[in-house]
Amino acid sequence: MVEAVNLKGENFAEFKDANGRHDIYRMMVVGFSQPLVCIFYIIGVGLLCLHLSHGASAMWQSLGWKKRSYGPCLDAWPNAARP
């Protein structure tokens, strides 16, 4: 079942390094070698950024710290990180 989910058909639990620990680097390289995984990841991170920027603005509003005089500045700082 796990092999069908990771799109490579490989069992990531079998990836071990020289010390017998899970080889996370190899898991990442194998996983992100699939274009579909990369696209899904980029879209997911973009949506997360939008969600967090809205959350930051809503946080100031909920705390009552968002006034008309400096509210636009509070809304602008989360958007400054956007490309």
Side-chain angles (χ1 to χ4, degrees):
M1 167 112 180
V2 174
E3 291 83 6
V5 175
N6 67 26
L7 301 177
K8 286 293 282 186
E10 297 185 42
N11 187 355
F12 282 15
E14 296 174 358
F15 293 168
K16 304 284 184 183
D17 64 5
N19 295 327
R21 300 174 297 197
H22 292 289
D23 191 357
I24 305 299
Y25 177 79
R26 184 172 172 207
M27 291 177 191
M28 297 298 285
V29 169
V30 170
F32 282 102
S33 67
Q34 292 291 331
L36 184 61
V37 172
C38 293
I39 291 168
F40 183 77
Y41 182 81
I42 290 168
I43 290 171
V45 169
L47 290 173
L48 177 63
C49 289
L50 288 172
H51 174 70
L52 292 176
S53 68
H54 167 74
S57 176
M59 175 184 67
W60 301 123
Q61 180 73 31
S62 296
L63 292 172
W65 294 352
K66 190 173 178 183
K67 307 290 183 202
R68 287 187 183 180
S69 58
Y70 56 86
C73 295
L74 293 175
D75 288 339
W77 73 266
N79 297 331
R82 289 186 192 172

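None of these values were measured; they are calculated from a predicted model.
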Side-chain atoms of residues 20-29: list all donor-acceptor pairs with protein atoms under 3.5 Å, sequence neighbours left out, distances to 0.1 Å.
{"from": "R21", "atom 1": "NE", "to": "D17", "atom 2": "OD2", "distance (Å)": "3.2"}
{"from": "R21", "atom 1": "NH2", "to": "D17", "atom 2": "OD2", "distance (Å)": "3.2"}
{"from": "D23", "atom 1": "OD1", "to": "R26", "atom 2": "N", "distance (Å)": "3.4"}

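Remark: side-chain polar atoms of S62 are not paired, donor with acceptor, to backbone N or O of M59 under 3.5 angstrom.
Listed by chain and residue number, I43, L50 satisfy the side chain to side chain contact (heavy atoms under 4.5 Å, CB included) test with L47 (two or more places apart in sequence, or in another chain). For F40, the ring-ring contact (aromatic ring centres under 6.0 Å, His included) test picks out no residue, with sequence neighbours left out.
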